Chemist: 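First, the structure itself, so that you have it in front of you.
These figures come from a predicted structure and were not determined experimentally. Lettering follows sequence order; numbering is per chain, from 1. Quick note: numbers below take in every heavy atom, side chains included, and nothing from hydrogens, waters or symmetry partners.
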Amino acid sequence: MKSILKDIINIKLEDLRSTYDFEYPIFYEIEIPKKKEFGDYSTNVALILSKILKKNPREIANLIVSDLKSDLFCKIDIAGPGFINFFLNHVTMKKMLEDLSSDFDTFLSPKSPKRRRIFIEYVSANPTGPLHVGHGRGACIGSSLSNILRELGHEVYEEFYVNDAGTQIKNLGLSIILKAKELKGERVEYTNDCYRGEYLTDIASEFIKNVDNLELSDDLVNRASLFGKRIILNWIVRDLEDFGVTFDNFQSELELYKKGYVDECIREMQKRGIVYEKDGAVWFKSTEFYDDKDRVLVKENGDKTYFASDIAYHKLKFEKGYDLYINIWGADHHGYVPRVKSAIKALGYDENKLNILMVQMVSLYRDKKPVTMSKRSGDFVTLREVLDEVGKEPMRFTFLTRKHDSPLDFDIDLVKQKTSDNPVFYVQYMFARINSVLKVATERGIKIPDKIRLNKLCLEEEKELIKQLFAFPDVLFDVEYFLEPHLLAYYLINLAQTFHSYYNAHRFINENDLELTNSRISLLILLQKVIKKGLSLLGIDSPERM
RNA sequence: GCGCCCGUAGCUCAGUAGGAUAGAGCAACAGACUUCUAAUCUGUGGGUCAGGGGUUCGAAUCCCUUCGGGCGCGCCA
C-alpha cells in the first residue's frame, strides 16, 4: 500500500518540479499513524520539501493535495505543521483485501526491486574453545538477516572464517599436550598463553588414546593442534546448528596459506607500492587510507601477521564480485575496521561495499547478579550452557529484540520465565491460539474456507489487523535497508498484541452467522501465515499447541 | 591520553533518511475465565529522553561540550 501511495505522490512531485526547481528523488516517510484521527496513512513529504524549497509546509501540502487524482481515499487532510493524512474509503479497503486474498503467498514473500548478491560473514570464532554467549548474539543477527535478505530475493552466501593458523592454534596444541601429561600423572606448568577449562580435559583424554609418546616436539604440537581444532570445530558446528544457524561455507585461514593466497596478496600489495620495509618487517601504508598507524604484514622473524591473512581473505571475497559484503563482528574488534577498509581500498576494491556491523557485548546475569565464570571454558560462559538452560527460542528472541549496537544485559532467570519478560511466548501463543480456533471450528463442522473471503469484516480491530498485515512487506524492506532484524521481532510483538486484544473482545466462531465466521477464519489463516513466516525468518519455531 | 559504542519510566528495551501529545513488556495497583487456550485481556499510576549549549518552523534523533558506563589502542590472534 505504501508503494501505491508513493507512486501517487511521486507523480505529484514530478508536476511540482516543473514549477519549482529541486533535486529528485527526495526521501520522505509514509507511515501508519498511531492516532486514528491522523488517518490510515500519513506522509511528511511536505515538511521535507519545505526545507528544500524554503516555503511554508502547509502551503506545499496544499499544492500536493489539490486536484490529487485518486479515488482511493474518502478524505485527505492537512494537519499539524503540514502532515498529509490519507483516509481510505471502503472501496479501496475492499480492493486491498481482494488483492491480499487472491495471492497471499506472493504477498508473504515480497521481492526487492534490485536483486543483489550478498556475502555475509559472521561468528568466525577462533577454534580454540567452545562458542561463548556473545558469539550467539552475532550468530542470531547474522542468520536472521541472511534469512530475510534471501526471502527478499537476494542471493545470500553465509560464511564462517576459521582462524586455524597462527599462534593461538599452537597454544591450543601445547595446552592439550600439557593437559594430557597431567592426566598421566605428570606435574606440568601452564604458561599464561595456555587455554584452561574443562573442555581441554575432554580433548586431552581423547588425544592420549592416539599417541604413545608425549614428549614435546614441534611435530607433536602440530598433531595436537590439528586434533583439538577438529574436535572444537565440530562442537562449534553442532552448537550453531542447535541454535538454528548454518553456513554455506567454513573458510579455513590455513588453506589460504597453503594455496599461496597470502603470499600472492602481499606481492600484489608490493606491486601497488603500498608496502615498505622497516626494521626488518614488511609494513602496509594504511595511514594513506583510513588508519592512524601503519600495520605490519610480515614480522621480523618472517611470520605473517593475522592481519596479512585477513587481507588475503577479504581480497578473495572481493574477487568473487558480490554487490554487498556484510561482516558481523564483536564490538571489541572495532579498532580493526579502519585497517581492513584501508586494505580493501588499497587493493583497488570499493570499500563501501563492505558493511561491518559491530555487535555489542552480552553481560550475563543470574538473579540480578553478574555471571562471568564458567567451569566449562575457564573464563567465559559458553553458548551451549545457556542454550541448554533456557532453550533456543527464548534465547534467540531475546537477542533479536535488541539493536545490535546497544549492549545487552541477559538475565538467565528472566529469559527462562515463561510468563514474563520474554515476549517470544506471547508471539508463539498467537500462533497456537489461532491453531486451536481452527481446530475447534473443524470439530464443530465448520468448513475451513479454501477461498479467502474477508468481506464481512467491519470492526475497528479487524481493520487495524488488516492494516498491520499490509505492513509486513514494508517491515522486511526496512530490515533490508537498515540491516536490523530486530525490526521484524518488534513487528511480530505488535501484531500479536493487536491479535490478543481482538481475541479477547470477540468470538470467531458463530454458528448463527456462517458468513461472518468464514471471514473471520479467513483472517485468522492469514494472520497465522504471517506470524509463522515472521518467526521462521527469525529462526524460531511456531508450536501448534502451548 | 586518543578512538569507537552506549546513557529514554523502578527494571529490560523500542522509538532509524529530524516531525504531531516520547511508547511497549516486566514490576505496582484495580478488574475480566460456565465461552474458540487466562502463556491472554481491560484500566490506573509512573519521564528533566544523563546535564548544558547550538543548528531550525520543529531535536530523544544532527553538531559542540561536560559527566557516567563499556570496549579498543601489539612485529597478539
Chemist: Using purine N1 to pyrimidine N3 plus N6-O4 or O6-N4 for Watson-Crick, or N1-O2 and O6-N3 for G-U wobble, both under 3.5 Å, which nucleotide pairs with B/A30?
Modeler: B/U42

Chemist: Using whole Å, report how far CD1 of A/Ile32 lies from P of B/A20.
Modeler: 16 Å

Chemist: Do A/Phe410 and A/Phe399 have ring centres separated by under 6.0 Å?
Modeler: yes

Chemist: Counting only side-chain N and O atoms of A/His506, is one of them less than 4.0 Å from OP1 or OP2 of B/C36?
Modeler: no

Chemist: Please verify the inter-ring angle class for A/Phe73 with A/Phe86; under 30° counts as parallel, over 60° as perpendicular, anything in between as tilted.
Modeler: tilted

Chemist: Work out how far the C1' atom of B/C67 is from that of B/G53, and round it to whole angstrom.
Modeler: 15 Å

Chemist: Look at all strands and tell whether A/Pro407 reaches a base, only sugar-phosphate, or nothing, counting heavy atoms closer than 4.0 Å.
Modeler: sugar-phosphate

Chemist: Sort out the partner of B/U12 for me: Watson-Crick or G-U wobble, both distances under 3.5 Å, none otherwise.
Modeler: B/A24

Chemist: Side chain of A/Val296: nearest nucleotide among B/A14, B/C75, B/A38?
Modeler: B/C75

Chemist: Looking at the side chain of A/Lys293, which of B/C73, B/C13, B/U16 is the nearest nucleotide?
Modeler: B/C73

Chemist: Establish whether the base of B/G72 is bridged to the side chain of A/His333 by a donor-acceptor pair shorter than 3.5 Å.
Modeler: no

Chemist: Classify the side chain of A/Asp409 versus the base of B/U12 as yes if they form a donor-acceptor pair under 3.5 Å and no if they do not.
Modeler: no

Chemist: Closest approach to the side chain of A/Arg507, judged atom by atom: which nucleotide of B/C36, B/A20, B/A77 is it?
Modeler: B/C36

Chemist: Give me the distance, rounded to whole Å, that separates B/C71 from B/C75 when you measure between the P atoms they each carry.
Modeler: 23 Å

Chemist: Taking only N and O in the side chain of A/Lys304, is any of them less than 4.0 Å away from OP1 or OP2 of B/C75?
Modeler: no

Chemist: Syn or anti for B/C33, taking syn as within 90° of 0?
Modeler: syn

Chemist: Would you indicate which nucleotide in B/C57, B/C36, B/A77 comes nearest to any side-chain atom of A/Tyr503?
Modeler: B/C36

Chemist: Given the P atoms of B/C62 and B/A17, what is the spacing between them in whole Å?
Modeler: 9 Å

Chemist: In whole Å, what separates the P atom of B/G3 from that of B/A9?
Modeler: 29 Å

Chemist: Does any donor-acceptor pair link the side chain of A/Ser42 with the base of B/A20 at a separation under 3.5 Å?
Modeler: yes

Chemist: A/Leu49 has an atom CG; how far is it from atom P of B/C57, in whole Å?
Modeler: 15 Å

Chemist: At 4.0 Å (heavy atoms only), tell me whether A/Asp405 reaches a base, stays on the sugar-phosphate, or touches nothing.
Modeler: sugar-phosphate

Chemist: Quick one: which of B/G3, B/A77, B/G15 gets closest to the side chain of A/Arg339?
Modeler: B/A77

Chemist: Just to confirm, is there a sub-4.0 Å distance from OP1 or OP2 of B/U42 to any side-chain nitrogen or oxygen of A/Ser501?
Modeler: yes

Chemist: Applying a 4.0 Å non-hydrogen cut-off, can you work out what A/Asp279 is touching in the nucleic acid: base, sugar-phosphate, or nothing?
Modeler: base

Chemist: Taking the ring centre of each residue, are A/Phe87 and A/Tyr41 less than 6.0 Å apart?
Modeler: no

Chemist: Within less than 4.0 Å of OP1 or OP2 of B/A77, is there a side-chain N or O belonging to A/Thr167?
Modeler: yes

Chemist: Can you check whether A/Tyr161 and A/Tyr313 have ring centres sitting under 6.0 Å from each other?
Modeler: yes

Chemist: Please step through side-chain hydrogen bond (donor to acceptor under 3.5 Å, both in side chains) for the pair A/Asp413 and A/Tyr365, ending with a clear verdict.
Modeler: CA-CA 8 Å; A/Asp413 295 316; A/Tyr365 293 82; over 6 Å; no

Chemist: Stacking between A/Phe38 and the base of B/A20 (centre distance under 5.5 Å, interplanar angle under 30°)?
Modeler: yes

Chemist: Roughly how many Å apart are B/G45 and B/A20, using the C1' atom of each and rounding to a whole number?
Modeler: 25 Å

Chemist: Which nucleotide in the list B/C71, B/U40, B/A20 gets nearest to the side chain of A/Glu31?
Modeler: B/A20

Chemist: Using a 4.0 Å heavy-atom cut-off across all strands, classify A/Phe508 as base, sugar-phosphate, or nothing.
Modeler: base

Chemist: Quote, to the nearest angstrom, the P distance that separates B/A59 from B/G52.
Modeler: 15 Å

Chemist: Kindly point out which of B/A77, B/C75, B/G74 is positioned nearest to the side chain of A/Tyr336?
Modeler: B/A77

Chemist: Kindly assign one of parallel, tilted or perpendicular to the pair A/His333 and A/Tyr336, based on the angle between their ring planes and the thresholds 30° and 60°.
Modeler: perpendicular

Chemist: Would the base of B/A17 count as contacting A/Tyr481 through its side chain, where contact means a donor and an acceptor less than 3.5 Å apart?
Modeler: yes

Chemist: Between A/Phe307 and A/Phe284, how do the two ring planes meet: parallel, tilted or perpendicular, split at 30° and 60°?
Modeler: tilted

Chemist: Work out how far the C1' atom of B/A22 is from that of B/U65, and round it to whole angstrom.
Modeler: 25 Å

Chemist: Roughly how many Å apart are B/U61 and B/U16, using the C1' atom of each and rounding to a whole number?
Modeler: 8 Å

